[in-house]
Engineer: 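Structure below; questions to follow.
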Amino acid sequence: MKKLVFLSVYLLSFIVVFADEGMWIPLFLDKYNIEEMQEKGFKLTASDIYDVNQASLKDAVMVFGGGCTAELISDKGLILTNHHCGFSNIQSHSTVEHDYLTDGFWAGSMDGELPNPGLTVTFLIYMEDVSKRVLAVFDETMSMDDRDLKIDSVCTVIENEIVKKNDGKYDAVVESFFYGNQFIVMVTQEFKDIRLVGAPPSSIGKFGGDTDNWVWPRHTGDFSMFRIYADKNNNPAEYSPENKPYKPKKFFPINIGGVQEGDFTMIFGYPGHTQEYIPSFTVDNIINLENPDRIKLRQAKLDVINKAMAGDKKTRIQYAAKQSSIANAWKKWIGQNMGLKTIDILKEKQKFEKKFQKWAKKTNNGSMYKNILSTYQEVETKIVNYQKAYYYFIECAYYSDVWRIYNSVYKRLDKISKEEDFEKIDSLKIEAVEAVDKMLKDYDPVIDEEIFTQMMLFYFSDVDENFFPAFYNDIQYKFNGDIKEYVHNLYEESVFPNQEKLKDFISKYYNGSSKYKEEYGENAIYTKVDLLKDPYLILFENFRALYIDKILPEFGSLSDQKDSLDHLYMKAQMEMQPNKIFYPDANFTLRVAYGSVKSFSSFDGFVYNYFTTLDGVIAKDNPEIYDYNVPEKLKELYNAKDYGKYADKDGKIHVCFIGDNHTSGGNSGSPVINANGELIGVNFDRCWESTMSDIKFDPNYCRNIMLDIRYVLFIVDKYAGAGYLIDEMQIVE
Ligand code: ASP
């Protein structure tokens, strides 16, 4: 159970439906949404989408990896997700000799499918509203800590009961909705043997790169395919060559009839995080402080990485996944600010807050509600400095590669220091050296030093002095205030940033015992005493102490206060608007969003069509630019108009389309479903103006971007020659 806030009133009863905006809980579709969905054209029932007694669409949708969605498209466990969701797996199989990022990968047969240690998919088995049980264990007279303890303990009981009832076959987690006003337990099943089946080259799957990311019109074939494997009883199992393709309860038939403006669309997936109900002061801080700071820091990282990637093929492969993830959020924050400012969200929120204030004074619960906003504003003002120190610490230090390397290697060395059995020490050393090789496969100390230098320069110029870590004194006194010199020395002297030095250090590390030294001589040189002198250890410990002693206590307590205010403010907003339909903010649980295929006019005179075609891909072709270098084979197919059955009735290959479905990060890879419950596309992005929808969904500007399923099949069949995969699917023409 995640840390939550409280409240003692059961609120669901006043939810009513309203249009287009929203990410809805599948369990309640029947009650709140299905009528409206059917009015919009949907032909199935709520239980066709979500049912616990019979197979339903939810059995064909899953969490993919840590933060995406995927869907089943064959009865042999074949799954479809985005190229960017499978990117790190595709990258991990890539080398300069086998560059699957550049050339694409197609397994050719099941035997050629590649295992991906660590990759999982998770199905929702069922969800159950447990609000009454959770809300009954606390009341508002309790302190925050007490409430949290009570909530945690009842949730643990509920979770354990479910796990036991199912003989450990399923996992269970109670999730909080509406800021702790509702609680639903999610019962899930995880599969661990997931193999890579196919991915187009980046020049299709990531076509347009960062330039086109978050942008409409779009021409990216953002998909990849994997397969779930299970044991002989069709149950989850660790990877084994003996495993068999998973036989699903349900998979999506694929409709290649094409989409028209106005067609019903439904997105079924796992949106991660939205904040639709927060007050203007918090939004103000996001727009004017947090986003600009983060954009600046990421820009500096990207400047270093992009330059290095452009100059060297090996670096391009090594840093591809890292670069993508840094750039993705960077560009999203830029778009979010642009959108929120354009619609003047602050004015809109302030107007609402005035109304709220008037209502709060009059309502029966006024004594509880009338000070929410003023208290919130005070807390928001106090938290700003702590928050800034926190996200600078995260962006500048915690997200750095050396931090990750240090963290993992330190734990291993510490274990060796405490181990007495010599044989065990030897095997721990071997494991640690292997781990270093793996961890540093995609790492370049020169690039890392440059990034870390930039980050430290920003940290010490932007963050309040009270949050300077202790090594700042060293910078001042030993390095004459020269941050660059300090970082350079760090990278020279520490063993952690340097693969060979680090491996040598590990090989010669021992527990300090004289017997070991006697026996191993040359291989018993360094001990914990040497480790403790390492300059990176000192930096790490200083930052950790700063975080634990100076940032966390106050930041944690102010965040708790904010949590409790969010909770109360949410409850009050719902009471104030009893006829409005509220949907809970996204929390990476399964949701349904629905709307239709829709063009839009953007801010300044642009009118955007609702689809793009292969003509646009060809028009963007530029062999000089990696992201726009259209593969020869695709050009040949285009010139020959060799489109098979995948062309639209206008004779063209349609690539992407847009709609007004409310989606968020995590919805990547989600199935786009038509009125009959068939697959017509894969969700992968939003247009730039639309990234504001995590804070405010505006139906005029917010559009999600989907890949036309016919482009996926065209690439698989005609481009990759992997028609055997199409044979597995159920195609509706
Ligand atoms: N690109 C996002 C994702 O990776 C989707 C979105 O934010 O619209 O989940």
Side-chain angles (χ1 to χ4, degrees), residues 20-23 61-71 80-91 121-122 199 205-216 218-224 265-276 291 298 320-340 585-595 598 600 656-672 681-699 701-707:
D20 284 349
E21 174 176 356
M23 304 162 163
V61 180
M62 72 224 80
V63 174
F64 179 87
C68 278
T69 306
E71 53 276 3
L80 180 60
T81 187
N82 290 149
H83 186 266
H84 78 264
C85 296
F87 197 76
S88 57
N89 298 102
I90 306 164
Q91 189 235 349
V121 299
T122 307
K206 202 173 180 293
F207 184 73
D210 291 332
T211 318
D212 285 10
N213 191 19
W214 300 114
V215 166
W216 184 255
R218 190 67 164 276
H219 300 89
T220 314
D222 194 347
F223 79 94
S224 58
T265 48
M266 168 180 144
I267 310 292
F268 203 9
Y270 284 85
H273 181 61
T274 58
Q275 300 169 281
E276 308 284 339
N291 278 352
R298 296 244 168 157
K322 249 178 259 178
Q323 194 272 357
S324 285
S325 101
I326 296 170
N328 193 46
W330 160 80
K331 195 163 176 189
K332 177 179 146 169
W333 294 323
I334 297 174
Q336 191 174 67
N337 262 18
M338 203 164 69
L340 291 172
D585 268 324
N587 58 357
F588 207 53
T589 58
L590 187 59
R591 301 292 179 91
V592 169
Y594 51 91
K598 219 180 215 166
F600 79 115
C656 298
F657 60 100
I658 48 173
D660 58 357
N661 307 281
H662 191 175
T663 55
S664 185
N667 266 126
S668 275
S670 298
V672 184
V682 194
N683 185 73
F684 72 96
D685 211 357
R686 282 168 284 166
C687 60
W688 215 8
E689 301 85 334
S690 186
T691 53
M692 67 174 156
S693 69
D694 288 350
I695 290 173
K696 171 73 193 170
F697 180 90
D698 184 318
Y701 301 120
C702 291
R703 295 291 179 272
N704 64 314
I705 305 180
M706 301 162 272
L707 179 60

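No hydrogens, no waters, no symmetry mates; every other heavy atom, side chains included, goes into these values. When a ligand or atom number is given, it counts from 1 through the structure's own listing order.
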Engineer: Residue-level breakdown please: for Tyr270 versus ligand 1, do any non-hydrogen atoms fall below 4.0 Å on the side chain, on the backbone, on both, or on neither?
Structural biologist: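 Looking at Tyr270 and ligand 1, no heavy atom falls under 4.0 Å.
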Engineer: Is any NZ, NE, NH1 or NH2 atom of the basic residue among Lys598 and Asp660 found under 4.0 Å from an Asp or Glu carboxylate oxygen of the other?
Structural biologist: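 Yes, charged N to carboxylate O under 4.0 Å.
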Engineer: Hey, is His84 one of the residues with a heavy atom under 4.0 angstrom from ligand 1?
Structural biologist: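 His84: in contact with ligand 1 (<4.0 Å).
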Engineer: Should the proximity of Cys68 to ligand 1, defined as any heavy atom under 4.0 Å, be assigned to the side chain, the backbone, both, or neither?
Structural biologist: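 Answer for Cys68: neither.
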Engineer: Between ligand 1 and Ser668, is the shortest N or O to N or O distance under 3.5 Å?
Structural biologist: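 Yes, Ser668 has an N/O under 3.5 Å of an N/O on ligand 1.
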Engineer: As an exercise, identify every atom of ligand 1 less than 4.0 angstrom from a heavy atom of Gly666.
Structural biologist: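 So the answer, numbered in order with elements, is 3 (C), 9 (O).
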Engineer: Below 3.5 Å, N or O to N or O, backbone or side chain included: is there any such pair between Arg686 and ligand 1?
Structural biologist: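 The answer is yes, given that Arg686 and ligand 1 share an N or O pair closer than 3.5 Å.
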Engineer: Do the side chains of Lys206 and Ser324 get nearer than 4.5 Å, heavy atoms only?
Structural biologist: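 The answer is yes, as the side chains (C-beta and beyond) meet within the 4.5 Å cut-off.
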Engineer: Before accepting this row, confirm whether a basic side-chain N of the pair Asp694/Arg686 lies closer than 4.0 Å to the acidic partner's carboxylate O.
Structural biologist: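 Answer for the salt bridge query: yes.
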Engineer: Is there a polar contact, in the sense of an N or O pair closer than 3.5 Å, between Gly67 and ligand 1?
Structural biologist: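 Looking only at distances, the answer is no, because the N/O contact criterion of under 3.5 Å is not met.
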Engineer: Between Asn667 and ligand 1, which part of the residue brings a heavy atom under 4.0 Å of the ligand: side chain, backbone, both or neither?
Structural biologist: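 The backbone, only.
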Engineer: Is it true that the side chains of Gln336 and Asn291 contain a donor and an acceptor less than 3.5 Å apart?
Structural biologist: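 Yes.
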Engineer: So Asn82 and Val682, side chain to side chain contact (heavy atoms under 4.5 Å, CB included) or not? Walk me through it.
Structural biologist: CA-CA 7 Å; Asn82 290 149; Val682 194; 3.5 Å; yes
Engineer: Counting the benzene-type ring for Trp, do Phe223 and His83 have ring centres under 6.0 Å apart?
Structural biologist: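 When the ring centroids of Phe223 and His83 are compared, they turn out to be at least 6.0 Å apart.
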